[in-house]
Amino acid sequence: MPEQPTIVLLSKGLARYRYNFTEHFAAALPPEVRVIACPLGSELWEVDWPALKATNGRVEYREFPRSLAELAAWRPTVLCTMEYPQQMLMPMFWAKKHGVPVIVFSDLGVHPPLQKQIPFHTRLQHRLFAHFTDAQVAMAPAALTPHGARHRPVHFAPHSIDTHEFSFRPALPRREGPCRLLYVAGYLYNKGHDLLCKAIQRIQSEVPVDFELRLVGYASSDWVSSVVQEHGLTSNTVITGIKKGLELVQEFQNADLFVFPTRGDTYGVVAQEAAATGLPLLISQFAGASYNLVQEGKNGHIFNPYDVESFARTLGSLMKTPARWGPMGAASRSIAEKFCVRQTSASTAHWILGQWLSGQSQHKYESAN
């Protein structure tokens with residue numbers, strides 16, 4: 001009797017969007033395919049890990065394998081890993097030794113945008129270990145061209161959220177009051193809050209616009225507070241701290257425009273959250289999400305955050321033309337739905353099923369010492 005096909009997913013964590021991907025991925029597979037998910041570490045965010053382990057749902061949630069013998073006992077037909085942290089390497093090498101296909105999920109690569117923020121040793125590691133994998137799921141546009149082993153099959157399934165959790169806000173008659181700008185990101189230098197403040201300061205020095213800037217994020221707000229004060233924007237800016245769940249959704253619902261001036265992000269899931277809500281997007285060219293979530297002029301703009309003059313001109317023009325916000329927001333929602341996690345997970349499941357589980361020959365398994 002043929003063995004039950006088994007896909008083992010080894011991930012670095014189980015954030016909400018990753019949990020949603022795993023659940024919809026499993027649901028798209030035939031019922032006879034077993035799915036075991038093993039997050040590494042405690043990066044579970046809003047996911048109730050004990051409750052997941054206690055359920056008997058479509059996915060078997062287990063602790064990360066403590067030994068290769070434990071992994072071997074699961075008899076994986078396909079092994080999926082998240083990037084190449086140290087804990088992933090031995091399972092990956094074990095799988096290659098025993099003829100089990102290895103698929104790496106990665107958001108790193110050499111396709112635009114150029115990921116200057118990724119350390120050289122990390123890029124080198126990818127070049128080396130990519131040769132021990134059989135395929136790659138690109139979670140960001142840059143990963144469409146992997147570091148090393150570029151002959152491997154590549155499937156595009158970018159970091160995605162469930163658009164159904166971010167209800168589309170239909171265009172309403174323009175309310176009175178300031179233009180509400182929203183930026184959701186950690187209060188870190190690389191996120192470019194200072195570049196955003198410079199652009200707004202330039203706009204206000206030329207043709208002032210009534211606005212409110214809301215900065216939602218985590219980490220200490222001391223640096224961001226000083227930047228806001230330095231550029232004379234204190235009276236127009238609200239630094240909220242971290243927001244989750246319904247509170248975060250409400251921030252998107254109450255905004256007019258979403259701005260993402262990052263100096264470098266492999267993707268930027270918050271951009272899809274904004275798009276799913278129906279907001280026009282102004283996304284830095286150094287964010288991976290800009291390449292598949294922004295259609296220039298239709299639902300937003302891609303800009304160079306270092307070019308303050310151009311950045312200010314683009315942002316200022318949109319702030320002053322509220323009649324454009326409704327149509328652009330509707331276009332954002334339409335684009336976001338194309339990359340909803342329900343679509344990206346299902347397409348990945350079908351890709352793996354067609355490549356490695358249809359008529360897959362049986363592998364020989366040996367217990368590891």
Note to self: Under a 3.5 Å distance rule, please check whether S317 uses its side chain to pair with a backbone N or O of R313 as donor and acceptor.
What the structure shows: no
Notebook entry, point to check: Less than 4.5 Å apart, any side-chain heavy atom of F25 and any of I352?
Noted result: yes
Checklist line | Exercise: identify the closest heavy-atom pair between V102 and M92 | finding: CG1-CG, 3.7 Å
Next item on the list: Considering non-hydrogen atoms only, spot the tightest contact between P280 and S332 and give its length.
Entry: CA-OG, 4.1 Å
Margin query: Let me check something: do F129 and L108 share a hydrophobic cluster, defined by ILVMFWY side-chain heavy atoms less than 4.5 Å apart, either directly or through other members?
Written below: no
Notebook entry, point to check: Only one of L9, L14, L52 forms a side chain to side chain contact (heavy atoms under 4.5 Å, CB included) with P39, so which one is it?
Noted result: L14
Check: Partners of D162 by side chain to side chain contact (heavy atoms under 4.5 Å, CB included), sequence neighbours excluded?
Finding: N20, H24, H164, E165, C340, V341, R342
Item checked: Polar side chain donor-acceptor pair, D265 to T262, under 3.5 angstrom -> yes
Notebook entry, point to check: Strictly by modelled atom types, are D48 and Y19 linked by a side-chain donor-acceptor pair under 3.5 Å?
Noted result: no
Check: Can you list the steps and then say if K96 with D134 is a side-chain contact (heavy atoms from CB on, under 4.5 Å)?
Finding: CA-CA 9 Å; K96 291 301 295 179; D134 297 279; 3.0 Å; yes
Item checked: Shortest non-hydrogen contact between V59 and A37, atoms and distance -> CG1-CB, 3.7 Å
Note to self: Contact between P91 and L10 at the side-chain level, heavy atoms closer than 4.5 Å - yes or no?
What the structure shows: yes
Notebook entry, point to check: Does V35 offer a backbone N or O that forms a donor-acceptor pair with the side chain of E60 under 3.5 Å?
Noted result: no
Margin query: Is a donor from one side chain sitting under 3.5 angstrom from an acceptor on the other, for R152 and T133?
Written below: yes
Next item on the list: Test V294 against every option in I335, L282, I283 by the side chain to side chain contact (heavy atoms under 4.5 Å, CB included) rule and name the one that passes.
Entry: I283
Margin query: With a 4.5 Å cut-off on side-chain heavy atoms, are Q115 and V110 touching?
Written below: no
Next item on the list: Verify the cluster assignment for L89 and L124: are they in a single hydrophobic cluster under the rule of side-chain heavy atoms below 4.5 Å apart?
Entry: no
Notebook entry, point to check: Is the CD atom of Q229 crowded by more than 12 outside heavy atoms at less than 6.0 Å?
Noted result: no
Next item on the list: With side-chain contact (heavy atoms from CB on, under 4.5 Å) as the test, would you mind laying out the steps for C80 and I7 before giving the verdict?
Entry: CA-CA 7 Å; C80 299; I7 299 176; 4.1 Å; yes
Item checked: Lys/Arg cation over aromatic F21: R18, 6.0 Å, 45° cone -> yes
Next item on the list: Report yes or no: is the cationic atom of R263 (NZ for Lys, CZ for Arg) under 6.0 Å from the centre of the six-membered ring of Y189, at an angle within 45° of the ring normal?
Entry: yes
Notebook entry, point to check: What pairs with E63 under salt bridge (Lys or Arg N to Asp or Glu O under 4.0 Å), at least two apart in sequence or on another chain?
Noted result: K53
Checklist line | L181 side, atom CG; L315 side, atom CG - distance, nearest 0.5 Å | finding: 6.0 Å
Checklist line | Closest non-hydrogen atom pair between W351 and P153, with its separation | finding: CZ2-CB, 3.9 Å
Margin query: Ignoring hydrogens, what is the shortest heavy-atom contact between P158 and F339? Give both atom names and the distance.
Written below: CG-CD2, 3.6 Å
List the atom pairs, with distances to 0.1 Å, where a side-chain N or O of residues 212-219 and a protein N or O form a donor-acceptor pair under 3.5 Å, not counting sequence neighbours.
residue : atom : partner : partner atom : Å
R214    : NE   : E251    : OE1          : 2.8
R214    : NH2  : E251    : OE2          : 2.8

Notebook entry, point to check: Do N304 and F311 have side-chain heavy atoms sitting under 4.5 Å apart?
Noted result: no
Margin query: Could you go through E83 and S106, starting from their C-alpha distance and side-chain angles, then the distance that decides it, and tell me whether this counts as side chain to side chain donor-acceptor pair (under 3.5 Å)?
Written below: CA-CA 5 Å; E83 305 291 3; S106 178; 2.8 Å; yes
Margin query: Please give me the minimum heavy-atom distance between S160 and Q272, naming the atom from each residue.
Written below: CA-OE1, 3.2 Å
